[in-house]
Amino acid sequence: MVAFGKKLKERQIQEWQGYYINYKLMKKRVKQYGHQIEVGTLDRRHVLKDFSRMLDCQIEKIVLFLLEQQGLLAGRIAKLNEDQDALQQEPDIAKLSQLRENYRDVGRDLLKLLFFVEINAVGLRKILKKFDKRFGYRFTDYYVKTRANHPYSQLQQVFKHVGLGAVVGAISRNLHELQEHQGSFLSIYDQSVLPLEDSVVDAMKAAVDRLSHSTNFLNFLAQHALIMQEELPTPIEESIDDKRYHFMSLILNLANTFLYMINTYIIVPTADDYSMSLGAPATVCGIVIGSMAVAQVFSSVYFSAWSNRSYFRPLVFSSIALLIGNVMYAMAYDFKSITILLLGRLFCGLGSARAVNRRYISDCVPLKLRMQASAGFVSASALGMACGPALAGLLQTEFKIYKFTFNQNTLPGWVMAVGWFFYMIWLCISFREPFRPTQDTNVAPQTSDEPTRNDALEKGLQQPLLPSTEANQDDEDCGSDDESEGSRGPANSLRSAYRLLTPSVKVQLLIYFMLKYAMEILLSESSVVTTYYFGWSTSSVAIFLACLGLTVLPVNIIVGSYISNMFEDRQILLASEIMVCVGILLSFHILVPYTVPQYVCSGLIMFVSAEVLEGVNLSLLSRVMSSRLSQGTYNGGLLSTEAGTLARVVADVTITMAGYLGQKTLLNVTLLPSLVICITSILATCFTYNSLY
């Protein structure tokens with residue numbers, strides 16, 4: 001498999017060869033920096049200054065050439081516009097046809113320029129990623145923010161392709177006006193949908209869309225979902241995506257996510273009462289809540305593997321498992337069996353199809369809609385988290401139908417069972433199994449009447465700059481580019497996936513484990529703690545938890561839109577960890593009487609800080625994780641899911657075990673491990689960054 005440097009050289013347009021980013025030289029320079037720092041002949045500040053200057057020179061070379069070519073294209077379009085004005089006075093069908101072809105020629109040359117920008121953007125992003133993986137994250141954040149926001153920014157020309165959109169618009173408009181419309185000339189601005197069908201215009205639009213994605217460094221809310229994305233898809237892959245995409249199927253996946261999150265949190269306000277009604281201690285609620293997460297540890301793996309072959313069947317199985325699990329959960333009350341209660345929650349965990357939901361978005365949603373779909377995944381999860389406790393607060397009634405009891409303990413199970421039943425019907429009616437391309441689909445069709453002058457360009461546009469399975473050592477640690485193809489394919493086991501994790505990625509996963517552990521402790525023991533200290537009713541607990549859940553989206557929007565533009569991700573990460581630690585410290589019950597303001601304020605600080613931390617952490621993780629983990633069964637999304645699920649399991653077991661010491665000590669005993677893990681993650685973060693800089 002060809003490394004990126006060699007692939008870059010092969011795809012270059014020969015007459016423009018001297019204007020591309022010198023990736024090979026910069027890669028060698030990064031290796032030299034590493035060696036010189038190791039032997040102590042160069043300090044890190046000199047490295048940052050020298051590498052920044054080198055990048056500035058490379059970008060300036062690219063931008064000046066880009067502006068020159070844009071000027072040439074603009075001059076050609078202006079000349080063609082003059083010819084078009086002359087033809088409107090004296091129409092000539094032959095000359096109109098030739099004029100259209102001349103505009104298409106300009107469009108084909110623009111395609112070359114778009115591909116030139118795209119190759120350089122990918123090369124620049126990869127060399128920044130290489131530098132970050134060798135020396136840390138801070139440089140990319142610093143370089144992009146200082147250059148992109150500067151009034152004399154040249155980086156804007158590359159990453160926002162300034163001016164190219166105007167050229168695309170000029171060509172599209174003129175081709176549209178030359179198209180026959182029963183004797184009339186209509187403007188593209190007079191219609192909301194452009195009816196023009198032209199292969200050159202379509203190719204330009206596809207290239208611009210692909211370039212917009214390639215140069216998008218960060219979409220905070222979408223990356224919160226940790227849906228791994230390929231480096232550079234091709235037009236063929238995009239057409240396959242269009243065949244696979246089905247809007248209603250996407251909505252069904254998001255609905256599955258929404259219902260599952262409701263199912264997870266709807267029992268939290270009443271789990272302690274339900275446990276006591278079955279003769280178990282109130283703190284067994286930890287096991288009741290956590291048993292769903294225990295099953296999810298295993299279900300995430302087989303659902304991820306199952307999604308390699310189908311999306312519909314896993315979702316049907318998920319619905320059936322959740323339907324059965326919720327019925328068992330509800331019927332445990334009348335059978336007076338804690339065993340049936342726990343088995344019901346285990347069945348619910350076995351129906352966790354979040355791996356399928358993530359995979360569907362990653363594999364079947366077109367590139368231009370993938371960020372919106374990823375943000376939808378996060379929003380559906382957040383809304384489900386808020387709606388679960390709120391719904392539990394509304395189910396405060398009691399009645400019997402035949403031998404079955406319906407009360408605040410059983411109604412969450414019955415309501416969710418009905419919800420999953422109707423969802424399964426909707427799924428069977430509306431879901432469409434995505435088109436799965438065969439090997440032949442990936443071969444670009446060739447036509448005999450295609451102009452020979454476009455062969456090289458079409459070949460360059462139709463082939464991936466980086467094969468989808470390529471994850472060479474370029475993206476790992478600046479190692480050799482001569483690895484075998486088999487060693488660079490997707491991970492085929494959890495063990496091989498773990499081996500792909502660099503120390504910095506392991507620290508990110510530790511942070512993810514910590515924040516999920518702290519959040520689970522806060523949420524799962526809330527009903528027990530508030531009942532013991534404040535005498536809260538189920539409705540009061542439900543309102544408190546719903547209010548916490550409603551903070552998720554506003555917090556992520558604020559961080560993604562404002563805070564992330566003001567501070568480096570590393571700074572936000574460390575500050576959020578410290579605030580989580582502060583929230584944990586304030587939650588302890590020491591000496592003075594425990595009050596509602598103390599509990600609510602400390603819980604809010606802990607929860608909101610953990611949400612900020614989760615968004616920033618997953619954003620960083622999606623950028624530094626090996627590209628070999630962007631696909632396959634054992635992908636980055638699965639690893640993060642497993643880390644978070646294990647944290648929840650450990651937290652819920654901690655609550656149950658601490659319950660044997662009595663409810664008086666439950667709060668402090670469960671918070672102590674949270675504090676230890678939080679301090680450990682802070683120290684690991686500081687040590688990682690200090691060792692890198």
Side-chain angles (χ1 to χ4, degrees), residues 258-278 280-294 296 322 325-326 329-330 332-333 341-342 344-346 348-349 352 381-396 407-416 419 516-534 536-552 599-600 603-604 606-607 610-611 644-645 647-649 651-656 658-659 663 666-667 670:
F258 175 70
L259 285 175
Y260 185 80
M261 293 303 289
I262 292 179
N263 213 144
T264 300
Y265 290 99
I266 193 173
I267 71 157
V268 173
T270 58
D272 57 334
D273 289 339
Y274 204 166
S275 301
M276 289 191 293
S277 70
L278 299 180
T283 52
V284 172
C285 69
I287 292 294
V288 174
I289 296 170
S291 56
M292 191 170 178
V294 171
Q296 189 179 343
L322 284 155
N326 281 291
Y329 180 85
Y333 186 88
L341 182 73
L342 294 175
R345 289 295 286 177
L346 283 171
C348 289
S352 171
S381 300
L383 289 173
M385 184 179 181
C387 289
L391 187 58
L394 296 175
L395 302 177
Q396 303 300 303
N407 57 25
Q408 66 173 13
N409 296 326
T410 62
L411 275 172
W414 291 119
V415 168
M416 292 311 303
K516 285 296 182 183
Y517 182 91
M519 290 172 68
E520 189 71 10
I521 289 290
L522 172 66
L523 298 175
S524 295
E525 71 177 12
S526 58
S527 57
V528 179
V529 170
T530 54
T531 300
Y532 177 78
Y533 284 105
F534 317 126
W536 280 9
S537 65
T538 300
S539 298
S540 299
V541 178
I543 292 171
F544 172 67
L545 295 177
C547 289
L548 287 180
L550 288 173
T551 64
V552 175
Y599 178 76
V600 172
L604 190 62
M606 187 195 310
F607 188 84
E611 278 300 318
T645 304
R648 291 172 53 203
V649 171
D652 291 322
V653 170
T654 302
I655 293 172
T656 301
Q663 293 190 28
L666 175 68
L667 180 66
T670 53

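In this chain, numbering begins with 1 at the start of the sequence shown. Since the model is a prediction, treat every value here as computed from it, not as a measurement.
- For Gly349 against Tyr260, the heavy-atom pair with the smallest separation is CA-OH, 4.1 Å.
- Here the CG-CZ distance, from Asn263 to Arg345, works out to 6.5 Å after rounding to the nearest 0.5 Å.
- Rounding to the nearest 0.5 Å gives a distance of 6.0 Å between CD1 of Ile289 and CG of Asp652.
- With sequence neighbours left out, Leu411 forms a side chain to side chain contact (heavy atoms under 4.5 Å, CB included) with Leu395, Thr397, Phe406.
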Name each donor-acceptor pair under 3.5 Å that joins a side chain in residues 538-548 to protein atoms two or more places apart or in another chain, with its distance.
from: Thr538; atom 1: OG1; to: Gln408; atom 2: OE1; distance (Å): 3.4
from: Ser540; atom 1: OG; to: Ser537; atom 2: OG; distance (Å): 3.3

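- The shortest distance between side-chain heavy atoms of Tyr599 and Phe534 falls below 4.5 Å.
- Here the shortest heavy-atom pairing between Met292 and Cys348 reads CE-CB, 3.8 Å.
- Distance CE/Met385 to CD/Glu611: 6.0 Å, rounded to 0.5 Å.
- For the atom pair OG1 of Thr283 and CE of Met276, the computed distance is 10.0 Å after rounding to the nearest 0.5 Å.
- Partners of Tyr532 under the ring pair (Phe, Tyr, Trp, His ring centres under 6.0 Å) rule, at least two apart in sequence or in another chain, do not exist in this structure.
- Minimum interatomic distance between Ser275 and Cys285 (heavy atoms only, all atoms of both residues): OG-N, 3.7 Å.
- A heavy-atom distance below 4.5 Å is found between the side chains of Leu341 and Tyr329.
- Interatomic distance, Met261 CE to Thr264 OG1, rounded to the nearest 0.5 Å: 5.5 Å.
- At least one donor-acceptor pair under 3.5 Å links the side chain of Thr670 to the backbone N or O of Leu667.
- Between Ala282 and Gln663, the closest heavy-atom pair is CB-NE2, 3.9 Å.
- Residues Leu666 and Ile655 share a closest heavy-atom pair of CD1-O, 3.6 Å.
- Distance check, rounded to the nearest 0.5 Å: CD of Glu525 to OG1 of Thr531 gives 11.5 Å.
- Side-chain contact between Ser526 and Trp536 is absent, with no heavy atoms from C-beta onward closer than 4.5 Å.
- Contact of the Tyr274 side chain with the Val288 side chain is not registered, since no non-hydrogen atoms from C-beta on lie closer than 4.5 Å.
- Met416 and Leu259 get closest at one heavy-atom pair: CE-O, 3.5 Å.
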